[in-house]
Trainee: 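Take this structure, written in structure tokens, and hold onto it; I'll ask about it next.
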Amino acid sequence: MKKRPRSRSVLFLTSNRHKFAEAQTILKPFNIKLIQKPAKGIEIQSDSVEEVARVCAKDAYGRFCVPLLVEDSGLFIGALNGFPGAYSAAIYNQVGCEGILRLLAQERRRFARFVCALAYADSRGVRVFKGIVSGKIASKIHKGAGFGYDPIFIPKGHTKPFSAAPETKAKLSHRARAFKAFGRFLAKQAKHDTR
Ligand code: ITT
């Protein structure tokens, strides 16, 4: 008789409670239990969220020696050549959504995308799962649910920003896409390991 894949615990190294709550909800159907550790460890300076997440996860696995996740994400705005990108957290803390709207005040090109790089480290090494959602920057701030740049990001094909449509965000966000890819990967691995 085949054994049922058991539930797995994975550390998620993040100080961002919103990220953690979203990730927990996304991974529930995959039978993965996330444990938050509010310290990411080393964060290199790089324009690449993928690189930042990968290096951080590798370093953290070296210290904790348990399966773990590190996420680096950001908002990449076309008219600003990808800014704030990998520096999204620092820029948000300094100027917020207001600052971004000021930078784009005279700009008609509003294309932007959110990118999530999710690095998973275990005894087999590090794997990165990437999730991207395209959209545009709104002309004004719409306060509501969510966090960070949710009040000004409108996903492609929609009219409301993430802050006004949490159910849309839950379905198609950069984080939903990256974490679902990770969930599928771990489910496949668990099935293989029980054979
Ligand atoms: P940790 O490093 O501790 O995980 P953090 O918030 O500093 O938390 P990042 O360095 O990955 O995380 O920064 C990403 C920033 O990009 C985040 O602080 C937000 O400002 C923004 N961001 C990322 N995902 C977002 C989302 O789903 N909605 C709105 N803003 C988001």
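Numbering of ligands and ligand atoms starts at 1, following listing order.
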Trainee: Verify the cluster assignment for F114 and L118: are they in a single hydrophobic cluster under the rule of side-chain heavy atoms below 4.5 Å apart?
Mentor: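 No, separate clusters.
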Trainee: To the nearest 0.1 Å, how far is atom 13 (O) of ligand 1 from its closest protein heavy atom, and which atom is that?
Mentor: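 For this ligand atom, the closest protein heavy atom is A89 CB, 3.4 Å.
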Trainee: Return the residue, atom name and 0.1 Å-rounded distance of the protein heavy atom closest to atom 30 (N) of ligand 1.
Mentor: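 Nearest protein contact, heavy atoms only, for atom 30 (N) of ligand 1 is Y149 N, 3.1 Å.
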Trainee: Which of the atoms of ligand 1 are close to S15, meaning less than 4.0 Å from one of its heavy atoms?
Mentor: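 Contacts of ligand 1 toward S15, numbered from 1: 1 (P), 3 (O), 8 (O).
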Trainee: Measure the distance from atom 28 (N) of ligand 1 to every protein heavy atom, then report the residue, atom name and distance (to 0.1 Å) of the closest one.
Mentor: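 Answer for atom 28 (N) of ligand 1: D150 OD1, 2.7 Å.
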Trainee: Under 4.0 Å, heavy-atom basis, I'd like to know which part of H18 is in contact with ligand 1: side chain, backbone, both or neither.
Mentor: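 Neither part.
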Trainee: Using a strict cut-off of 4.0 Å, indicate which atoms of ligand 1 neighbour a heavy atom of D72.
Mentor: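 What qualifies from ligand 1 is 9 (P), 10 (O), 11 (O).
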Trainee: Record the part of F147 in heavy-atom contact with ligand 1 below 4.0 Å; permitted values are side chain, backbone, both and neither.
Mentor: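 Both backbone and side chain.
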Trainee: Cut-off 3.5 Å, side chains only: do E50 and S48 have a donor facing an acceptor?
Mentor: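 Note: E50 and S48 side chains miss the donor-acceptor criterion.
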Trainee: Any side-chain heavy atom of F64 within less than 4.5 Å of one from L13?
Mentor: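 F64 reaches L13 side chain to side chain.
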Trainee: Quick check on salt bridge (Lys or Arg N to Asp or Glu O under 4.0 Å): which of R17, R175, K28 does E22 satisfy it with?
Mentor: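 Among R17, R175, K28, the one meeting salt bridge (Lys or Arg N to Asp or Glu O under 4.0 Å) with E22 is R175.
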Trainee: Have a look at ligand 1 and work out which part of Y92, if any, has a heavy atom under 4.0 Å from it: side chain, backbone, both or neither.
Mentor: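 For Y92, the contact with ligand 1 is made by the side chain alone.
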Trainee: Please assess F179 against F185 for the test ring pair (Phe, Tyr, Trp, His ring centres under 6.0 Å), listing each intermediate value before the final yes or no.
Mentor: CA-CA 10 Å; F179 274 87; F185 163 81; over 10 Å; no
Trainee: Examine E22 against ligand 1 and note whether any of their N/O atoms are separated by less than 3.5 Å.
Mentor: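 There is no such contact.
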Trainee: Considering only heavy atoms of N16, which atoms of ligand 1 have at least one such atom less than 4.0 Å away?
Mentor: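 Within the 4.0 Å cut-off of N16, ligand 1 contributes 3 (O), 6 (O), 8 (O).
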Trainee: Could you tell me whether R177 atom CZ has more than 12 heavy atoms of other residues or ligands within 6.0 Å of it?
Mentor: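 Atom CZ in R177 is crowded, with more than 12 foreign heavy atoms closer than 6.0 Å.
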Trainee: State yes or no: do L27 and F129 share one hydrophobic cluster built from I, L, V, M, F, W and Y residues joined by side-chain heavy-atom distances below 4.5 Å, directly or via other members?
Mentor: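 Yes.
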Trainee: Give the residue, atom name and distance (to 0.1 Å) of the protein heavy atom nearest atom 27 (O) of ligand 1.
Mentor: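 In this structure, atom 27 (O) of ligand 1 has K169 NZ, 2.7 Å as its nearest protein heavy atom.
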Trainee: What's the shortest distance from atom 14 (C) of ligand 1 to any protein heavy atom, and which residue and atom give it?
Mentor: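 Scanning the protein heavy atoms, the shortest distance from atom 14 (C) of ligand 1 goes to S73 O, 3.2 Å.
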Trainee: Taking the non-hydrogen atoms of L75, is any one of them nearer than 4.0 angstrom to ligand 1?
Mentor: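 For ligand 1, residue contact (heavy atoms, under 4.0 Å) with L75 is absent.
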Trainee: Quick one: which ligand 1 atoms are inside 4.0 Å of a heavy atom on T14?
Mentor: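 What qualifies from ligand 1 is 1 (P), 3 (O), 4 (O), 8 (O).
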Trainee: Can you tell me how the ring of Y149 sits relative to the ring of Y92, calling it parallel under 30°, perpendicular over 60° and tilted otherwise?
Mentor: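 The rings of Y149 and Y92 stand perpendicular, inter-plane angle above 60°.
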Trainee: Distance to 0.1 Å, residue and atom name: give those for the protein heavy atom nearest to atom 24 (N) of ligand 1.
Mentor: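 Going atom by atom, the protein heavy atom closest to atom 24 (N) of ligand 1 ends up being R175 NH2, 2.9 Å.
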Trainee: Can a side-chain donor-acceptor contact be found between R184 and Q189 if the only test is distance below 3.5 angstrom?
Mentor: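 Side-chain D/A pair, Q189 to R184: absent.
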Trainee: Starting from atom 9 (P) of ligand 1, find the nearest protein heavy-atom neighbour and note its residue, name and distance.
Mentor: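 Minimum-distance protein heavy atom for atom 9 (P) of ligand 1 reads K19 NZ, 3.5 Å.
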Trainee: Under 4.0 Å from a heavy atom of S88: give me the atoms of ligand 1 that qualify, with their elements.
Mentor: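 Once the distances to S88 are compared, the set is 15 (C), 16 (O).
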Trainee: Among all protein heavy atoms, pick the one closest to atom 2 (O) of ligand 1 and tell me residue, atom and distance.
Mentor: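 Answer for atom 2 (O) of ligand 1: K40 NZ, 2.7 Å.
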Trainee: Salt bridge or not between K19 and D72? Use side-chain N to carboxylate O under 4.0 Å.
Mentor: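 Answer for the salt bridge query: no.
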Trainee: Is Q45 atom CD crowded by more than 12 heavy atoms from other residues, nucleotides or ligands, each under 6.0 Å away?
Mentor: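 No, the 6.0 Å shell around CD holds no more than 12 heavy atoms from other groups.
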